[in-house]
Every structure is written in C-alpha cells, then in structure tokens.
Amino acid sequence: MSKKTPSKTPGAIRGTQDIFGADAEAFAFVVETFERVRRLYRFRRVEMPVFEKTEVFARSLGETTDVVSKEMYSFDDRGGDSLTLRPEFTAGIARAYLTNGWQQYAPLKVATHGPLFRYERPQKGRYRQFHQIDAEVIGAGEPQADVELLAMADQLLKELGIHDVTLHLNTLGDGESREAWRAALVTYFGAVKDQLSEESQERLEKNPLRILDSKDARDKPFLAGAPKIDAFLSEEASAFFAAVTSGLDAAGVKWVRAESLVRGLDYYRHTAFEFIPDEGSASAAALGSQSTVLGGGRYDGLMESLGGPATPAVGWAAGIERLAMLVGAREAELLEAVVLVEHDDGIAEANRVLAKLRAGGVISEIVASGSVKKRYDKAVKQSPQHILRVNETGYYAISGEGSTDRIVTALNQTSSPRA
RNA sequence: GCGAUCAUAGCUCAGCUGGUUAGAGCGCCGGUUUGUGGUACCGGAGGUCACGGGUUCGAACCCCGUUGGUCGCCCCA
C-alpha cells in the first residue's frame, strides 16, 4: 500500500451513489420482489437502452417545460446528434412500441427496471442517477387495465412489507374535461392573483394545476374553494373513473380520493395516482420531503406526440432507492460454512473442501490469512452456521449448531464439480 | 437557480474561552494470555484537522473565499 496517492483521487459525480452493504441488500430485495410480483401479473420483461435521441423525450414531455430545458442529461454525439440519458422509462418504451411493431402484441404488459438520469440538485431520496422499477400497459383503453396495474402496485408494496402508504387517486378526465377545469382554475386563481405567492402567480401562467399542491401558506386559504374536476367531467370520464374505483374496491385495494393530485404534463388523461406515506408514519419520516413512493397515470396522448397512432396506455414507476429506505436494512446472505485453515500446509485441502461445498450449493467462505492464532476468531466473527477445520494433515473437524446434512452431502460428492 | 447546515484517522466521533508532540472507540496488523475457543491485556500502522487566503506572538478552533457532502425551496416526467 503506497502511503500517498500520486495525484488526487477523482471524486464521484454529484448525485451518484455507491451502494453497498445493508443498503445494497435492500435494493436487491426490492428488485427481486418486483420481478416476482410482475410475473404473477404476466407483465413481460423488457430491456431498454439507457439513452435515446433527445427528441424522444423532448417531444413526449413537451419542448417548453422546465423538465426538458433544464433537467435532462443531454449531449451531442460524434455525429452531431443530440442524445439524452433517459430521465424516465415511458417515452423510450413508447418509442420502442412504435419502432418495433409491438402493436401486434397489444394490449402489451411490460415491466423493466434500471438507472435513470435527471440533472437536479440532490437531496434526500433524489439523485442524478437513480433507479426505478416500471410497469406499463400499452394499447389498453379500458379501466380494467388501470385496476390491474394498481393492484400489482399495491401487492408489491405489501410484499415489500410496506403497510403505511396509501393510494391517492384522482381523475383528470378526458381532454375536454381537463381543459375546462384548467380554464376554471385560471379564472378562479386569477381573481385573487395579488394574494397568491410569487411562485403561484408564475404557476398561473405556466402550470395552473400545480397551484393546487402549493406548500405556501399564502396559497392555502384559496385551495379549498377552488373548482373541482368533478364538475367538469364528461359522462364517459365519470363512468371511467367509477369503473376504476369499483374495480379497486373489488380487488381489495385501499385508496383515497385526492382531488388536487395532478400531473404536470399535458398527455395525461383520466387516472392519476400516487402511493404516499400516511401522515406521521415511519415511512413519511424516512422519506423527508420526497413523499411519493410510486406514481403514474394514464397517458393516452403520448403515442401521438411521437408520431404514432392514438394508443391508450397506463403505467407507473417507483424509485428503488426510496422503496429501499422503507424496506429498511436487510441482512446479507446467511453464511453456512467457513473453512478454517489452521496451518498453511492445509491450503490445498481447504480449497478442495471449499470447492465441494460450493458445488453442493453450500454458501461458504474461507479464512486462511493473517495470524494463525487469530483465524478462529476471524471465522467466528462472520457468524457462520458451521466451521470446518483444516490443519496440515487435512480436514478433520466440524463445529457449530444445527444440522450438518447439507455440508456432509456436499463433501461426499465423488466427482469434482469441473470434471 | 435560491437558502440553511456541515467538513478532524479507513468508519463513528471528541477536542473546553485560540495555547506545547491532535485524541477515543471500532476496524486493520502483530505479540502475550486462553486452548474446542466469539476472552483479556500489550503494541503497531494510519491525520499537510477539505482546500486557499487573512487576523494573531500562536489557528482544528476566529474572518473571507473555494470545493464537496447533507437537508430544504423551485421543479418533479
């Protein structure tokens, strides 16, 4: 080991994380549970590129939004094309659906997970490179798709052991409903513009729906009296939402109506939802100000923005890091056996024993370095179920509690694993 | 983009109102003890106190700046 590094070690990129130990175990547990649950619902696995033409995201999200102008990781490649590290899964999946002719599989249920990138200031539960699990149903316009998708989300959270979050559900109606509501909100808030916070005055121009979830005390008095979407829903939109909620009730998914839950982007229609920790719960405390654990909605307008035919779709995504925080620390894999080399001449025999154990599926470690006298303590500290001792004459003893059947079976294998 | 807060050993931290060679626990390495045993003791390696200026007889400590972390606002696909 050199005393001094010749030059300074480069640091990690802001907002990236090196995950290890209990956190990494929790991360893996989330992903494994997701993979298991999505199979129960017959969602097909898809693997997607980590980057796309910037256009894919810019067109689907809307060129003018803050999201596109400030918060994407974009760069030019050598050919001069503008590329972007994916900030979400949905747009890329939609692009793949159109360019690969996946229409033939419609309605298509797909699931994936992996890293995403957003150029933001990191804070608790928010990173520049973060990871999500994602599920989408494409080409299904009926409320049953929403119900199934939400039932899967609900089951996933339960199987992760997260019980203090609740589904907050809203409808944005169809295109006309949404526009009418938006106009009514602009009129309502416009009348009291002077009394709103500076931020909300700006939102009035850019994104009036967002005023509804303002945290500013100056805005709060006006929120309760704001026009409700329900007054603007078309008959079809009402019927759609009713079908979703009754389906959820039948499936046993608990939900609450969240009239001010909105989406920033225009392509969302009908169902919008977020799973949010219950107030005062352990999960709420664990997440800080980043409260949404899983969110999504119906995006019937997206495919057209990418030049495809009108295609109804609904999906959700959830941050793996946030879920991992709620899952809590997980133990590493149980250690079944440690091979303890009590004399250096026993190393060859120890390696033979170790190979047999692992070939037999026994989770094993070896302790063969450092002071001979302290190797036992070193082995014990790893909390193995059993310790196999090897001296200069070979393997001679096993200690520990519980059944040794698996170990004995592995050791009695006649053929070497590589034969 | 804005704000708050922090930065001392590999890790978690102590370091009084500025005052000699900057400490502990854990971890790592070695020794003694023990000898079917997660024991106890001793020792060792490891720090330009984030970086750069300034104030002072003297700075880990006070002031300014920079960088980085954390948390929050904006935004949240």
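Throughout, a chain's letter reflects where its sequence line sits, starting with A, and its residues are numbered from 1.
A:Arg86 comes within 4.0 angstrom of nothing in the nucleic acid, heavy atoms only. A:Gly288 comes within contact range of the sugar-phosphate backbone alone, with a heavy-atom separation under 4.0 Å but no base atom that close. Residue contacts for A:Tyr268: at a heavy-atom cut-off of 4.0 Å it reaches the sugar-phosphate backbone alone, with no base atom in range. Within the 4.0 angstrom heavy-atom criterion, base atoms lie near A:Arg121.
Comparing the P positions of B:C26 and B:U39 gives a spacing of 11 Å, expressed to the nearest Å. Taking atom C1' on both B:A9 and B:U5, the two are 24 Å apart, rounded to the nearest angstrom. B:U66 and B:G46 have their P atoms separated by 35 Å, given to the nearest Å. Between B:A22 and B:A59, the distance separating the two P atoms is 13 Å to the nearest Å. Taking atom C1' on both B:U56 and B:U17, the two are 16 Å apart, rounded to the nearest angstrom. For the P atom pair drawn from B:U20 and B:A60, the interatomic distance equals 10 Å after rounding to whole Å. Nucleotides B:U8 and B:G15 have their P atoms positioned 14 Å apart, rounded to a whole Å. B:A14 sits 15 Å from B:A7 when the C1' atoms are compared, rounded to a whole Å.
A side-chain N or O of A:His131 and one of A:Glu321 form a donor-acceptor pair less than 3.5 Å apart. In summary, the side chains of A:Glu148 and A:Gln144 do not present any donor paired with an acceptor at a separation below 3.5 Å, with no hydrogens or angles considered. Under the 3.5 Å distance criterion, with hydrogens and angles disregarded, a donor-acceptor pair is assigned to the side chains of A:Asp278 and A:Thr166. In summary, the side chains of A:Thr409 and A:Arg406 do not present any donor paired with an acceptor at a separation below 3.5 Å, with no hydrogens or angles considered. Side-chain contact check for A:Asn391 and A:Thr393: at least one donor-acceptor pair (N or O, by modelled atom type) lies under 3.5 Å. A:Gln123 and A:Gln290 are linked by a side-chain donor-acceptor pair at a separation below 3.5 angstrom, with hydrogens and angles left out of the test. Side chain to side chain, A:Gln129 and A:Thr16 fail the donor-acceptor criterion of an N or O pair below 3.5 Å.
Figure legend: A:Arg128 and A:Tyr119 shown as a cation-pi pair, the cationic atom lying under 6.0 angstrom from the six-membered ring centre and within 45 degrees of its axis.
For B:C75, the base has a donor-acceptor partner in the side chain of A:Arg126 [N/O atoms by modelled type, under 3.5 angstrom].
For A:Phe240, the ring pair (Phe, Tyr, Trp, His ring centres under 6.0 Å) partners at least two apart in sequence or on another chain are A:His270.
Map A:Tyr119 and A:Ala12 each onto its nearest nucleotide of RNA chain B; the residue landing nearer the 5' end is A:Ala12.
At B:C76, none of the side-chain N or O atoms of A:Arg322 fall inside 4.0 Å of OP1 or OP2 (strictly under the cut-off).
Base pairing in RNA chain B gives the following stems of 3 or more Watson-Crick or G-U pairs, range against range and under 3.5 Å: B:1-7 with B:67-73, B:10-13 with B:23-26, B:28-32 with B:40-44, B:50-54 with B:62-66.
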- If the sugar-phosphate is the primed atoms plus P, OP1 and OP2 and the base is the rest, what is the B/S/- string for nucleotides 28-38 of chain B, using protein heavy atoms under 4.0 Å? -SBBS---BBB
